[in-house]
Amino acid sequence: MSKTVFVTVGTTEFNSLIQSITQDSIYKILKSKGYNKLLIQIGRCAFDPSTECSVRGFTIEYYRYKPSIADDIANASLVISHAGAGSCLESLTANKPLLVVVNNELMDNHQLELARQLKKDGNIEYCDCSSLEETLKTCDFSKLKPYTPGKPQLFADFLDNLIGYTKQS
């Protein structure tokens, strides 16, 4: 049975994540945890990873973009993502274990705020590229809590009630 790790950088350029995730040491850690495939969505990265792998029985594939990554997320056993809100929420609503890698190279690092909050809520683990290897070694993704999406209809109903709007049948 195939156990895939899906890595996504969204539409961004996050070369350091792609370079970090495509190291033999990472392949060995993933293989030791039962994964046998790494599928990487590299976006605008200038770095094209090699699909050559010295770890027996471990395969690597990559692509730049697809119209949707929903199938890749659905088929993954683990998602490793940049800290973009869209990528995080798509993975969490698909009930996938998620490791968020924060891009420390960003000027206004709002991604760190999102990662910290999701970690505080118990939904994800997060790290940066320098601690990726150690995090993968020590992390137990089975302890993550399922993500509970918000209920925007409650807010809409509240506003409707506040302004006196009644729905027409």
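Annotation: side chain of Leu38 is in contact with side chain of Val7 (closest heavy-atom distance under 4.5 Å). Using a 4.5 Å heavy-atom cutoff, the side chains of Tyr35 and Ser2 are not in contact. Side-chain contact check for Gln41 versus Tyr62: every heavy-atom pair is 4.5 Å or farther apart. In this structure, Ile124 and Leu99 have side chains that are not in contact, with every pair of non-hydrogen atoms separated by 4.5 Å or more. Residues Val100 and Cys88 meet the side-chain proximity criterion, which asks for heavy atoms closer than 4.5 Å. Between Leu144 and Glu125 there is a side-chain heavy-atom pair separated by less than 4.5 Å. In this structure, the side chains of Lys66 and Asp72 come closer than 4.5 Å at one or more pairs of heavy atoms. Residues Lys3 and Lys37 are not in side-chain contact: their nearest non-hydrogen atoms beyond the backbone lie 4.5 Å or more apart.
The two atoms that bring Val55 and Lys28 nearest to each other are CG2-CG, 3.7 Å, heavy atoms only. Listed here is the closest heavy atom pair of Tyr65 and Gly10: CE2-O, 3.9 Å. Shown here for Val102 and Ala115, the closest heavy-atom pair between the two residues is CG2-CB, 3.8 Å. Nearest heavy-atom pair across Phe141 and Pro97 is CB-CB, 3.8 Å. Listed here is the closest heavy atom pair of Lys96 and Ala74: NZ-O, 3.0 Å. Summarising the geometry of Asn95 relative to Pro146, their closest heavy-atom pair is OD1-CB, 4.5 Å, with the distance given to 0.1 Å.
Thr4 contributes no side-chain N or O that, together with a main-chain N or O of Phe6, makes up a donor-acceptor pair within less than 3.5 Å. Side chain of Arg44 to main chain of Thr11: a donor-acceptor pair is present (N/O by atom type, distance under 3.5 Å, no hydrogens or angles). Using modelled atom types, one side-chain atom of Lys31 and one backbone atom of Arg56 make a donor-acceptor pair closer than 3.5 Å. In this structure, the side chain of Glu13 does not engage the main chain of Cys45 through any donor-acceptor pair within 3.5 Å. Under a 3.5 Å cut-off, the side chain of Arg64 and the backbone N or O of Ile42 do not form any donor-acceptor pair. Formation of a donor-acceptor pair under 3.5 Å by the Ser87 side chain with backbone atoms of Gly84 is not found in this model. Here the side chain of Asp128 pairs no donor or acceptor atom with the backbone of Asn104 at under 3.5 angstrom.
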Requested in this report: Using the side-chain contact (heavy atoms from CB on, under 4.5 Å) rule, take Leu39 and Tyr63 through it: C-alpha gap first, then chi angles, then the decisive distance, then the call.
Outcome: CA-CA 8 Å; Leu39 177 61; Tyr63 63 90; 4.1 Å; yes
Report task. Apply side-chain contact (heavy atoms from CB on, under 4.5 Å) to Thr12 and Asn103, showing your working. Result -> CA-CA 10 Å; Thr12 66; Asn103 187 348; 6.0 Å; no
**Report entry** Derivation and outcome, salt bridge (charged side-chain N to carboxylate O under 4.0 Å, His left out), residues Asp121 and Arg116
**Finding:** CA-CA 9 Å; Asp121 294 343; Arg116 280 184 176 150; over 6 Å; no
Requested in this report: Kindly indicate, with the supporting measurements, whether the criterion side-chain contact (heavy atoms from CB on, under 4.5 Å) is fulfilled by Leu92 and Leu118.
Outcome: CA-CA 10 Å; Leu92 289 170; Leu118 290 170; 3.9 Å; yes
Report task. Evaluate the criterion side-chain contact (heavy atoms from CB on, under 4.5 Å) for residue pair Ile80 and Ile21; output intermediate values, then yes/no. Result -> CA-CA 9 Å; Ile80 299 175; Ile21 200 73; 3.7 Å; yes
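From Leu98, atom CG reaches atom CG of Leu78 across 8.0 Å, with rounding to the nearest 0.5 Å. To the nearest 0.5 Å, atoms CD1 (Ile60) and OH (Tyr27) are separated by 3.5 Å. The line from CD of Glu133 to CD1 of Ile26 is 5.0 Å long, rounded to the nearest 0.5 Å. Going from atom OG of Ser77 over to atom NZ of Lys33 covers 13.5 Å, rounded to the nearest 0.5 Å. To the nearest 0.5 Å, atoms CD (Gln117) and CG (Leu114) are separated by 8.5 Å. Once rounded to the nearest 0.5 Å, the distance linking OG1 of Thr93 with CD1 of Ile73 reads 7.5 Å.
Each of Cys127, Ser81, Ser131 was compared with Val101 under the side-chain contact (heavy atoms from CB on, under 4.5 Å) criterion, and only Cys127 meets it.
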